[in-house]
Amino acid sequence: MSEEAKSLNFIEHIIEEDLANGLKKEALRFRFPPEPNGYLHIGHTKAIGISFGLGERYNAPVNLRFDDTNPAKEEQEYVDAIKADISWLGYKWANEVYSSDYFQQLYDWAIDLIKEGKAYVDSQSSEAMAQQKGTPTQPGVDGPFRNRSIEENLDLFLRMKNGEFNEGSHVLRAKIDMQHPNMLMRDPLMYRILKKAHHRTGNDWCIYPMYDWTHGESDYIEQISHSLCSLEFKPHRELYDWFKDQIYKYQPESLPMLPKQREFARLNLSYTIMSKRKLLKLVEEKIVSGWDDPRMPTISGLRRRGYTPNSIRKFVETVGVAKRDNVIDVALLEFCIREDLNKTAPRVMAVLDPIKVVITNYPEGKVEWLEAENNQEDDAAGFRKVPFSREIYIEKDDFKEEANNKYFRLTLGKEVRLKNAYIIKGEGVVKDEKGNITEIHCTYTEDTTIKVKGTLHWVSIAHAIKAEVREYDRLFLDEAPDAHQDKNFMEFINPNSLKLVEAFIEPSLAEAQVGDRFQFQRLGYFNVDNDTTSETLIFNKIVGLKDSWAKQVAKPQQNNVVTERSRSERKAIDVIQQLGKKYTNLPEAKQEKIKAEILELAKNVSYEELEPLFNTAAKKVGTRIAAMLTLNVLLKNGQDKNEAISDFIEKALEDSNDILVAEAKAI
RNA sequence: UGGCCCAUGGUGUAACUGGCAACACGUCUGUUUUUGGUGCAGAAGAGUCUAGGUUCGAGCCCUAGUGGGCCAACCA
């Protein structure tokens with residue numbers, strides 16, 4: 001197997017460089033550190049994919065570490081959900097660990113720091129401390145307890161631990177620099193008193209370590225080589241390194257690896273939100289049915305919706321890793337799931353919006369079980385039987401009494417193919433008193449070799465099973481619902497994100513199990529929802545098929561204008577501009593050729609079209625040359641010189657590019 | 001009135017300093033097809049935010065500007 005030259009992202013570059021500088025491959029170790037205070041969403045999948053992906057790439061262990069230092073928000077339920085989600089995605093962690101496993105070690109180190117005069121107990125209100133901390137643009141000032149004696153600090157900290165004080169009365173702080181430009185370095189809190197039971201340590205502790213103190217040291221204890229997190233932690237890196245430096249000297253032999261924190265941009269998805277807090281609001285306000293509502297961007301939501309682990313991993317891989325803010329088009333996610341399901345999902349027929357068709361020359365009471373291919377993309381998928389009879393349902397959209405010849409579906413007098421069955425011809429309609437069509441009458445022929453433009457899906461009315469279909473649309477109408485300073489994301493909620501439909505499906509689906517995925521032919525991919533009971537089959541629409549017909553219909557007539565224009569020649573000036581772009585990069589022979597082309601095209605350019613090009617940035621020499629050539633032609637054809645023209649020529653004469661100067665001189 | 005990070009087609013990512021900036025999605029053509037799907041073939045779309053500088057040569061290095069993001073929780 002030849003290693004394909006896949007380009008590396010910046011994190012992989014860093015690792016390769018570390019490896020090249022002597023880091024042992026065996027020393028590579030990663031971690032994914034969720035806080036068990038909510039459900040994982042598609043954004044987390046990126047972080048999961050990066051660290052676990054690196055683990056797979058380098059065959060290195062990846063720890064799943066729950067960052068559980070805040071008993072007020074964390075629960076076992078979330079631990080379980082997170083584990084289930086990561087497993088479902090197909091990743092395996094080396095060790096399941098908890099920051100709380102390290103509480104004693106962290107405490108011991110904190111004592112060491114106090115003894116060194118690197119940490120102290122502060123006994124002010126949080127308001128007072130915030131006051132002294134300053135702002136991003138103003139330095140902070142030292143507080144009154146900053147220079148307590150080591151003995152006093154030791155005594156106070158011990159009594160904090162023993163539960164002698166109330167919440168909020170004392171904290172332990174690192175003693176760094178209240179004037180530091182990085183606010184995180186202004187004597188950050190290491191411990192606070194919290195008299196709450198912890199989901200793992202119970203009531204063992206009433207002081208809990210803060211994130212910065214805990215996270216880096218947990219990395220260090222686990223000997224993580226590369227600690228990868230999202231961009232907002234960049235300012236924390238300085239503190240991460242500071243703590244690490246203090247602790248390292250205590251045991252450089254037993255814990256030699258100093259972890260390295262690096263940051264990447266988190267993933268944003270268009271038409272949705274990623275904030276746990278905002279997602280929670282959707283749940284609490286019953287906008288959705290729960291964290292696993294199929295419209296939610298949570299992993300559990302996507303799973304219930306019918307997304308496959310493969311498609312999500314592929315998505316995260318395709319999205320890439322970099323440091324700039326980004327918004328990924330949901331169309332990419334949809335592409336990934338279609339790509340996966342196209343290869344694997346069995347095809348079946350289902351009618352979501354039925355209209356009755358009577359095949360008048362088909363015998364009443366006759367039933368044929370016709371052979372249908374399960375998946376033409378998969379030779380192993382085999383065949384099944386579908387029942388055909390005199391009365392069937394087709395989609396309302398698939399019939400028009402009359403239509404132009406761009407419409408491939410059923411009309412009166414025209415023939416279409418019924419998928420897996422015969423060819424029918426529209427003969428007439430039956431209408432109710434209001435003029436609504438209630439039945440379409442057709443005749444059929446068994447000659448299936450006839451060429452027809454359209455193929456329709458259908459179900460036999462007598463054999464069809466009823467099912468509930470839940471069709472989803474995006475939850476928000478805005479591309480970036482939480483990116484508006486002046487508007488609340490709740491204002492953009494799509495009131496029609498869920499549509500319930502009573503559908504008619506082919507009888508083979510009677511056996512469908514929860515979680516099974518199908519392609520309803522010509523409609524999209526669907527899966528069987530958890531809510532399914534023995535009486536009612538319920539399907540979720542995962543994603544629709546691409547629909548170029550719908551796109552055509554949606555486009556107004558302007559479409560024609562556009563195609564009309566694009567069919568006709570592009571404007572000469574545009575072509576000239578494009579040719580000019582690359583002019584200076586070309587070898588001389590080719591330059592000559594391009595020049596001739598430009599001179600020819602210039603004959604069809606008006607001065608009004610050319611003048612804007614005079615403002616071309618000095619740097620874009622090619623475009624200026626092309627403009628100069630064009631100008632020359634115009635002048636020869638009788639264009640009068642004006643101030644703009646003279647300026648343009650003058651500036652060109654002063655340029656350092658010889659070609660430009662030469663062409664300017666030629667005028 | 002600060003510090004740090006970022007800036008490449010519509011979107012997301014590539015590009016060991018050296019040939020006309022690559023890939024994916026999206027868009028558009030054509031074609032195949034018992035899915036207006038898939039497949040196949042192709043097209044349009046970028047002078048790499050701006051202005052300088054270094055260099056024979058800059059998307060890449062330097063300076064300044066502009067634009068965007070992050071930083072003032074006893075959250076993570």
Side-chain angles (χ1 to χ4, degrees), chain A residues 6-9 33-35 37 67-70 72-74 122 125-126 129-131 133-140 167-168 170-171 180-184 186 189 191-194 208 210-212 214-215 229 231-238 263 265 267 270 318-329 331-336 338-339 342-343 347 349 373 376-377 406-409 417-421 423 448 452-457 519-524 544-552 562-563 566 570 580-582 585-587 590 617-623:
Chain A
K6 205 189 150 227
S7 59
L8 306 179
N9 64 47
E35 182 189 11
N37 71 340
D67 226 333
D68 56 349
T69 57
N70 186 0
K73 290 207 227 159
E74 296 149 8
D122 200 340
S125 66
S126 56
M129 285 189 283
Q131 192 79 31
K133 204 168 184 182
T135 69
T137 53
Q138 283 173 304
E167 287 187 11
H170 302 279
V171 292
H180 203 287
N182 181 349
M183 291 202 66
L184 288 158
R186 322 239 256 234
L189 267 61
Y191 279 93
R192 76 287 214 191
I193 299 170
L194 238 37
Y208 289 92
M210 302 288 290
Y211 167 82
D212 288 293
T214 311
H215 190 90
C229 59
L231 238 34
E232 66 268 30
F233 290 98
K234 175 69 216 292
H236 293 252
R237 186 151 113 197
E238 199 169 9
E263 311 81 12
L267 177 151
S270 64
T318 309
V319 147
V321 182
K323 283 163 83 165
R324 51 179 140 151
D325 293 336
N326 59 80
V327 181
I328 311 296
D329 194 339
L332 182 63
L333 219 209
E334 294 177 346
F335 166 80
C336 290
R338 281 194 198 105
E339 185 190 41
N342 176 48
K343 285 180 249 157
R347 273 58 171 170
M349 293 194 287
E373 191 173 14
Q376 59 275 66
E377 307 292 328
K406 291 188 96 176
Y407 188 80
F408 298 169
R409 287 112 105 137
R417 185 185 304 279
L418 292 176
K419 181 85 189 170
N420 305 316
I423 292 190
T448 57
V452 293
K453 275 190 148 175
T455 301
L456 310 185
H457 61 276
Q519 185 196 95
F520 289 0
Q521 273 182 318
R522 302 211 303 135
L523 298 176
L545 255 28
K546 271 216 291 193
D547 189 346
S548 47
W549 171 244
K551 220 182 276 179
Q552 271 225 17
V562 173
T563 48
S566 58
R570 287 165 62 205
K581 278 183 192 178
K582 294 169 181 170
N585 295 329
L586 298 172
K590 208 154 184 190
K619 196 177 169 188
K620 301 175 184 174
V621 180
T623 303

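Numbered from 1 within each chain, the chains take letters A, B, ... in sequence-line order.
The distance between atom CH2 of A:Trp549 and atom P of B:G37, rounded to the nearest whole Å, is 12 Å.
Using a 4.0 Å heavy-atom distance criterion, A:Arg409 is classed as a base contact. Among the protein residues, A:Phe335 comes within range of the sugar-phosphate backbone only, with heavy atoms under 4.0 Å from sugar or phosphate atoms but none that close to a base. Counting any heavy atom pair closer than 4.0 Å across all strands shown, A:Gln519 reaches a base atom. If you check every strand for non-hydrogen atoms under 4.0 Å, A:Phe520 touches nothing. Using a 4.0 Å heavy-atom cutoff across all strands shown, A:Val327 reaches sugar-phosphate atoms only and no base atom. Across all strands shown, A:Gln376 has heavy atoms under 4.0 Å from base atoms, whether or not it also approaches the sugar-phosphate.
Comparing the P positions of B:G45 and B:G53 gives an interatomic distance of 31 Å, to the nearest angstrom. The C1' atoms of B:G19 and B:C56 are separated by 16 Å, rounded to the nearest whole Å. With both ends at atom P, the span from B:A14 to B:C23 equals 16 Å, rounded to whole Å. Atom name C1', nucleotides B:A73 and B:U13: the rounded distance is 35 Å, in whole Å.
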Nucleotide-resolved protein contact map, nucleotides 62-76 of chain B, B/S/- at heavy-atom distance under 4.0 Å
-------S-BB-BBB

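For a distance-only test at 3.5 Å, the side chain of A:Glu377 qualifies as a donor-acceptor partner of the base of B:G37. Contact of A:Arg347 with B:U35 (side chain to base): a donor-acceptor pair of N or O atoms is detected under 3.5 Å.
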